[in-house]
Amino acid sequence: MSDPKSLGLLAQFETPADIMHAAMAVRDAGFSKWDVFTPFPIHGMDDAMALPSSKVGFFTFVGGVTGFFSGMGMIWFMNKFDYPLVVGGKPLFTPLFAFPVSYELTILLSAFGTLFGLALLNRLPKLNNPLFSSERFKRATNDKFFVYVETADPKFSAVETRALLATLGASAVEEIHDTEA
Amino acid sequence: MKLPHFLKCFVAALLCVGVFTFASAPTLAADTAGAPQAGAHEAAKVEAHDAHEGHGHAAGPVVTVLSQFGYSYLTAFMFVLSILVASMFFILIHHLFDAGWSVPVMRIAENMACLIFPWGLVALIPILALSTLGYIHPWMNIDPATDAALNVKKILFNKGSFNVGLVLIFLFWGWMAHSFRRFSVAQDKDGAAVWTRKARFLAGWGVYAFAVTVTVVVFLLMKSLQHQFFSTMYGVYYFAGSMWVTFATFYGILRWRMNFELKPVVSKVTVHALGLLFFAFTVFYAYIHFSQYFLIWNAAMPEETFWYVLREQGSWWGVGMLILFGHFFLPFLLLLRIDAKMSLAVMGPMIVWAWLMHYLDVTFNVMPVLYPDGLHITLWDPLCWGGLSAAFGFLWWKSYHSLPAWPQKHPRLKEATTHHEVPRSAEAGAHH
């Protein structure tokens with residue numbers, strides 16, 4: 001087997017305060033392709049990582065607007081245009097009776113927008129992640145905290161980044177390799 | 001998209017929709033009337049008019065200085081009462097959910113709810129007096145023996161039930177509000193858990209009593225202006241609008257006072273949560289009001305439709321549209337964004353707009369009885385609205401300043417002030 005390509009450095013930390021501190025330092029060092037893994041949500045981590053607001057809301061909104069107008073459009077098309085049918089002496093079309101259906105479709109397609117937008121932005125589904133090859137990383141769902149910096153980051157340097165992570169108090173720094181190769 | 005740029009686009013889009021709606025109004029009406037299948041619907045409207053006017057009294061009471069004052073005062077009173085009762089509900093759910101984030105806002109609500117007694121009751125007296133003398137609620141001048149609609153409702157709609165019932169409910173509300181504040185202030189001194197338990201117990205049964213009494217009060221004061229009307233969700237409708245305007249008011253008070261005495265306990269989370277609740281009740285109000293309208297429109301029963309038929313006459317139609325777009329669509333679309341709920345440039349004008357919209361909503365309920373042909377603004381309206389609001393604002397301010405600005409030893413105070421904040425140790429690390 002040829003030498004597998006290095007994908008990044010995984011640093012392990014022991015406490016929430018350490019990982020918060022490390023995230024701030026990595027952020028301040030100007031890295032862009034990196035992530036933090038913790039067993040539970042740590043309040044304030046999005047600020048510490050300088051994460052922008054999520055873009056999922058955009059997909060939700062587009063889904064909702066689509067749902068609303070498809071509900072209105074569908075009922076208008078079926079009741080007034082394609083097959084006019086008088087029900088209960090009511091007008092053939094008014095937004096009033098079309099509203100409950102449009103409203104439900106707004107909710108349904110908003111939910112779809114959220115779900116699929118989330119999957120799209122996270123590049124899911126994904127069958128494997130190189131991080132899974134690390135034995136140590138399994139404890140990210142138990143009691144350890146991790147920072148992962150990718151080699152693809154323009155600021156990445158095999159020596160300096162490792163040194164930076166070590167000075168931040170990492171209890172271990174491990175190189176992650178491309179297991180597919 | 002940056003928020004200011006978004007706002008410009010938003011205002012432009014909303015103007016287009018507004019112009020289109022108002023311009024297309026006559027077309028919509030003509031469409032309904034012109035379609036042959038709409039005949040039954042139109043007939044129902046005509047019947048509704050007959051049903052309403054066939055009870056041997058004119059469409060509305062005669063406009064005199066006293067009735068004019070009575071209606072303007074009732075509108076203003078219902079506006080102020082909204083904020084008092086919604087504050088009470090806020091306290092109830094705070095205890096029921098064992099909430100943490102709302103602790104910094106609790107004293108604002110406790111002092112607001114306590115205004116129900118004695119001041120709310122004092123402010124109610126002119127309404128009781130004018131109505132009993134026959135200047136406000138038209139049914140007070142009708143003999144139930146001559147009016148079938150009144151006859152079946154005379155258990156509730158009689159002078160005794162009206163006056164005694166309202167006074168008793170206000171006393172009960174006052175007792176409940178003062179109990180909550182008493183528990184809270186007592187805990188300031190000793191920090192004992194017993195006060196939290198007492199408040200929870202009271203909130204447990206109090207929330208049911210609250211739901212029933214709010215409905216009864218709104219039925220008596222506002223819905224009985226047209227005693228023939230049926231709508232079981234009318235109380236919820238008033239409640240929904242009340243919560244909406246109250247969260248706007250609390251948001252304003254919080255943003256103002258967090259620069260002063262509330263500074264140590266208020267975080268971004270508190271502000272955001274209040275913004276979220278304001279947004280949530282924007283939707284809930286629309287949901288309730290639409291449901292009421294939709295059910296009545298669909299069933300097309302004369303004893304219900306006449307209420308909305310009256311509110312589509314003259315400029316009331318425009319008022320209804322303004323409520324639809326101004327009370328719902330504008331705040332709904334504007335506040336969808338997370339950052340809008342935190343922006344004072346958006347929320348500041350929105351608070352004033354919410355006051356205006358809620359007042360208009362109450363006006364839409366009360367005033368068409370006196371002026372069936374359209375919106376009619378007299379000097380009494382701003383005088384009563386401004387006068388009552390200023391008086392209650394002043395009274396709130398006085399009691400708010402006589403007590404500590406937040407529950408000093410509330411068990412969840414620490415959670416409220418540290419929630420979603422960077423851990424201290426991490427902050428210290430970053431400053432090395």
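Keep in mind the model is a prediction, meaning the values are calculated, not measured. Below, chain A is the first sequence line, B the second, and so on; all start at residue 1.
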What I want to check is whether the side chains of [X] and [Y] have a donor and an acceptor closer together than 3.5 Å.
{"X": "B:T270", "Y": "B:W101", "value": "no"}
{"X": "B:Y287", "Y": "B:Q292", "value": "no"}
{"X": "B:N365", "Y": "B:Y234", "value": "yes"}
{"X": "B:W307", "Y": "B:Q226", "value": "yes"}

### Query
Where along residues 141-164 of chain A does a heavy atom come under 4.5 Å of chain B, listed by residue number?
none
### Task
Please look at A:Y103 and chain B and tell me whether the side chain, the backbone, both or neither of the residue comes under 4.5 angstrom of a heavy atom of that chain.
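Contact with chain B: side chain only.
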### Message
Report which part of A:T15 has an atom under 4.5 Å of a heavy atom belonging to chain B: side chain, backbone, both, or neither.
### Response
neither
### Query
Aromatic ring centroids of B:Y308 and B:W297 under 6.0 Å?
no
### Query
Does the ring centre of B:F332 sit less than 6.0 Å away from the ring centre of B:F329?
no
### Query
Which one of A:S53, A:P100, A:G57 has the most heavy-atom pairs closer than 4.5 Å to chain B?
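Heavy-atom pair counts peak at A:P100.
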### Task
Give a yes or no on this: more than 12 heavy atoms of other residues, nucleotides or ligands lie within 6.0 Å of atom CZ of A:F40.
yes
